[in-house]
Participant: 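Quick one: the structure is below, questions incoming.
Per chain, numbering begins at 1; letters A, B, ... match sequence-line order. Side chains are part of it too, since the values below use all heavy atoms of this structure and drop only hydrogens, waters and symmetry mates.
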Amino acid sequence: MTDETQNTIAPQDENQIIAERREKLKKLREQGVAFPNDFKRCDMAGELHAAHDGKENDALEGSPIHVSVAGRMMLKRVMGKACFATIQDMSGRIQLFITADGTSAETLEAFKHYDLGDILGANGTLFKTKTGELTLRVTELRMLTKSLRPLPEKFHGLTDQEQKYRQRYLDLITNEESRKVFTVRSQVIQAIRSFLVGRGYLEVETPMMHPIPGGASARPFSTHHNALDMELYLRIAPELYLKRLVVGGFEKVFEINRNFRNEGLSTRHNPEFTMIEFYEAYRDYKYLMDLTEEMFRETAKSVLGHTVVQYQGHTINLGLPFDRLTIVESIQKYHPGKFSDEQLHDRKALIDTLKSLNAAYKPTDGVGGLQLSLFEETTEQLLIQPTFIIDYPAEVSPLARRSDSNPGITERFELFVVGRELANGFSELNDAEDQAERFMEQVHQKEAGDAEAMHYDADYIRSLEFGLPPTAGEGIGIDRLIMLLTDSPSIRDVILFPQMRPE
RNA sequence: GGGUUGUUAGCUCAGCUGGUAGAGCAGCGGACUCUUAAUCCGUAGGUCGACAGUUCGAAUCUGUCACAGCCCA
């Protein structure tokens with residue numbers, strides 16, 4: 001805690017319900033330890049269902065199975081001398097049956113004053129109700145944590161988007177779908193990690209605080225290191241450090257972690273977001289495209305069990321080979337007969353076309369850059385099925401290797417799904433002198449006012465001068481991939497605590 | 001940044017062309033020994049996002065601001 005934080009202000013939203021619950025807590029304190037931590041939970045709701053749902057009641061009651069469960073009370077049905085409650089743990093829900101016969105008159109009476117949201121621990125034996133629901137006949141019931149605030153409405157849960165983002169804990173308590181999204185998120189990352197580790201990759205961690213922000217075109221967050229009295233930048237990409245590691249002889253490396261970009265917020269952008277970047281020596285961008293297809297397929301299969309994904313009304317088939325098109329090919333494929341070869345390769349014609357479409361472009365761009373602007377204006381959003389766009393112009397790819405047949409373009413691709421960029425990869429530029437020149441071009445652009453242009457990184461050039469083997473490298477936007485696999489319309493739905501303006 | 005919609009009880013939502021607020025859930029009290037969003041009876045709970053303005057009178061009309069959702073850049 002710093003002395004600047006002012007989070008000690010008492011909550012302003014006390015109400016009658018909270019006051020009554022505080023009163024109940026006060027009584028608990030008077031009776032002894034109000035927040036005990038000696039209850040031994042041995043069983044999970046989900047595992048109990050998996051193990052015993054198939055059994056008949058006679059079998060369950062014939063040879064009693066003693067279990068102890070704990071969790072948050074989500075439903076409560078008091079009926080005189082027999083009460084039901086549903087508690088929820090990380091694995092699911094299970095019903096409790098509480099009677100004075102099974103426990104004691106005192107326990108039953110105490111239970112009647114428990115509130116939805118309280119954390120309970122219960123011991124007992126399993127049985128099945130008339131309707132066949134696996135239920136715990138409670139012999140012992142304990143209040144483990146008193147909840148002071150009322151939960152959202154038990155049927156609708158929390159529906160207000162803003163509150164779901166600001167108070168994610170409430171969203172997770174009440175909405176099964178939200179829990180599912182973040183469970184899938186964890187599984188996707190684990191699947192990708194296994195995929196690469198299984199291919200001999202080394203997982204590494206490189207700095208998140210950079211003296212020179214590099215590896216992407218974006219505006220950084222800046223901060224200050226007091227002891228060193230120097231400016232530092234939160235990284236916009238780990239790329240240059242990972243390639244230094246390849247220089248060092250770690251020929252297959254990957255890193256999964258946060259990048260930070262000081263830009264606007266949208267349904268596709270959060271200022272901090274998760275990327276995986278991976279680099280493999282003696283490979284090229286074509287290999288990466290094959291590897292990416294395989295990675296997407298294996299990940300979808302292992303997490304979802306299939307490779308056909310429903311996303312916001314679209315059916316995305318990750319099982320089919322991904323289309324691979326140059327920028328010009330994609331424009332022509334998605335607008336048949338509309339743009340001639342001549343039109344797409346003549347600078348003046350491109351500018352006229354962009355003007356007529358009222359599209360954004362840089363007047364200083366060459367043919368390649370203008371083609372890219374036209375692609376972004378007309379075609380990008382039409383790439384619903386997975387599509388690699390290949391051969392990006394060198395002028396917008398300062399870290400990518402030039403094509404041997406055409407030095408104006410690079411051995412680079414971006415992967416689009418549902419009109420969104422999911423991945424960006426290329427054969428790495430390992431010519432130190434070419435890289436130095438490209439950095440200089442970036443510096444000139446920065447001086448000309450382009451805040452997103454790159455800095456000159458002398459140490460990175462020095463590392464290249466020792467020799468970076470021919471290498472292929474790629475970054476995948478993990479949040480956007482998870483949006484796709486969880487049918488989530490906003491990046492905020494797949495980030496546990498998305499950036500919000502202060503309340 | 002622009003457009004648009006929203007903000008009413010802890011939650012989910014009503015509230016017509018202005019006459020100082022209503023339901024369900026949750027809560028409290030009561031009934032009920034197989035309920036499933038349990039049911040039934042009773043009861044309490046609100047500076048209607050904030051600030052101005054119009055009006056005898058504003059949750060409602062107007063303006064500004066705040067935050068959010070969606071669309072666009």
Participant: Whole-Å distance between B:rC34 P and A:Leu96 CG?
Facilitator: 17 Å
Participant: To the nearest Å, give me how far apart CD (A:Glu377) and C1' (B:rC72) are.
Facilitator: 12 Å
Participant: Could you check whether A:Ser488 and A:Arg185, counting side-chain N and O atoms only, form a donor-acceptor pair closer than 3.5 Å?
Facilitator: no
Participant: Looking at B:rC13, B:rA38, B:rG69, which one has an atom nearest to any side-chain atom of A:Arg492?
Facilitator: B:rG69
Participant: Just call it for A:Lys130: base, sugar-phosphate, or nothing, with non-hydrogen atoms closer than 4.0 Å on any strand.
Facilitator: base
Participant: Check the distance between B:rC28's P and A:Ile18's CD1 and give it to me in whole angstrom.
Facilitator: 14 Å
Participant: Output the rounded distance in Å from CD (A:Gln16) to C1' (B:rG29).
Facilitator: 12 Å
Participant: Mind checking if A:Gly157 touches a base, just sugar-phosphate, or nothing, with heavy atoms under 4.0 Å?
Facilitator: sugar-phosphate
Participant: For A:Lys24, answer base if it contacts any base atom (sugar-phosphate contacts may also be present), sugar-phosphate if it contacts only those atoms, and nothing otherwise; contact means non-hydrogen atoms under 4.0 Å.
Facilitator: sugar-phosphate
Participant: When the distance from CZ of A:Arg149 to C1' of B:rG45 is rounded to whole Å, what number comes out?
Facilitator: 16 Å
Participant: Verify, without hydrogens or angle tests, whether A:His345 (side chain) and A:Asp341 (backbone) share a donor-acceptor contact under 3.5 angstrom.
Facilitator: yes
Participant: Do A:Phe413 and A:Phe322 have ring centres separated by under 6.0 Å?
Facilitator: no
Participant: Just compare B:rG69, B:rC67, B:rC11 and give me whichever is closest to any side-chain atom of A:Tyr165.
Facilitator: B:rG69
Participant: A:Arg93 near the nucleic acid: base, sugar-phosphate alone, or nothing, with a heavy-atom cut-off under 4.0 Å?
Facilitator: nothing
Participant: Starting at atom CG of A:Asp171, determine the distance to atom C1' of B:rU12, rounded to an integer number of angstrom.
Facilitator: 15 Å
Participant: Checking all strands, does A:Pro489 fall into the base, sugar-phosphate, or nothing category for heavy-atom contacts under 4.0 angstrom?
Facilitator: nothing
Participant: Which of the following nucleotides, B:rA38, B:rU33, B:rU12, is nearest to the side chain of A:Leu75?
Facilitator: B:rA38
Participant: Name the stems with RNA chain B in them: runs of three or more consecutive Watson-Crick or G-U pairs, distances under 3.5 Å?
Facilitator: B:1-7 with B:66-72, B:10-13 with B:22-25, B:27-31 with B:39-43, B:49-53 with B:61-65
Participant: Just call it for A:Gln95: base, sugar-phosphate, or nothing, with non-hydrogen atoms closer than 4.0 Å on any strand.
Facilitator: base
Participant: Against the six-membered ring of A:Phe497, is A:Arg168 placed for a cation-pi contact (under 6.0 Å from the centre, within 45° of the normal)?
Facilitator: no
Participant: Of all the choices, B:rC67, B:rA38, B:rC28, which nucleotide is nearest to the side chain of A:Asp115 once you look at every atom?
Facilitator: B:rC28
Participant: How would you label the contact of A:Leu170 with the nucleic acid (heavy atoms, under 4.0 Å): base, sugar-phosphate, or nothing?
Facilitator: nothing
Participant: Taking for each residue the nucleotide of RNA chain B bearing the nearest heavy atom, is the 5' side occupied by A:Gly132 or by A:Asp101?
Facilitator: A:Asp101
Participant: Can you tell whether the side chains of A:Asp487 and A:Lys180 come within less than 4.0 Å, N to carboxylate O?
Facilitator: no
Participant: Where the side chain of A:Gln161 is concerned, which of B:rC32, B:rG69, B:rC67 is the nearest nucleotide?
Facilitator: B:rG69
Participant: Not counting sequence neighbours, which residues clear side-chain contact (heavy atoms from CB on, under 4.5 Å) with A:His224? List them please.
Facilitator: A:Asn226, A:Asp229, A:Glu231
Participant: Using whole Å, what does the distance between atom C1' of nucleotide B:rC11 and atom CD1 of A:Ile17 come to?
Facilitator: 9 Å
Participant: Assign A:Arg77 to base, sugar-phosphate, or nothing according to its heavy-atom contacts below 4.0 angstrom with the strands shown.
Facilitator: base
Participant: By the side chain to side chain donor-acceptor pair (under 3.5 Å) test, which pairs, at least two apart or in different chains, include something from residues 109-126 of chain A?
Facilitator: A:Lys24-A:Asp115, A:Glu109-A:His113, A:Asp115-A:Lys146, A:Asp118-A:Lys146, A:Asn123-A:Glu140
Participant: Mapping A:Lys81 and A:Arg21 onto RNA chain B by nearest heavy atom, which one lands closer to the 5' end?
Facilitator: A:Arg21
Participant: As a test of reading the structure: which of B:rG29, B:rA68, B:rC11 is closest to the side chain of A:His113, going by heavy atoms?
Facilitator: B:rG29
Participant: Please work out if A:Thr129 contacts a base, only the sugar-phosphate, or nothing of the nucleic acid, heavy-atom cut-off 4.0 Å.
Facilitator: base
Participant: Shortest non-hydrogen contact from A:Asn259 to A:Met275?
Facilitator: ND2-CG, 3.0 Å
Participant: Which one, B:rA26, B:rA37, B:rC11, comes nearest to the side chain of A:Leu158?
Facilitator: B:rC11
Participant: Would you indicate which nucleotide in B:rA68, B:rA37, B:rC13 comes nearest to any side-chain atom of A:Met500?
Facilitator: B:rA68
Participant: Return the nearest nucleotide to the side chain of A:Thr267; candidates are B:rC70, B:rG10, B:rC34.
Facilitator: B:rC70
Participant: With under 30° as parallel and over 60° as perpendicular, where do the rings of A:Phe84 and A:Phe97 fit, or are they tilted in between?
Facilitator: tilted
Participant: Of the options B:rG10, B:rC67, B:rC25, whose atoms approach the side-chain atoms of A:Asn15 most closely?
Facilitator: B:rG10
Participant: How long is the line joining CE of A:Met74 and C1' of B:rC25, in whole Å?
Facilitator: 13 Å
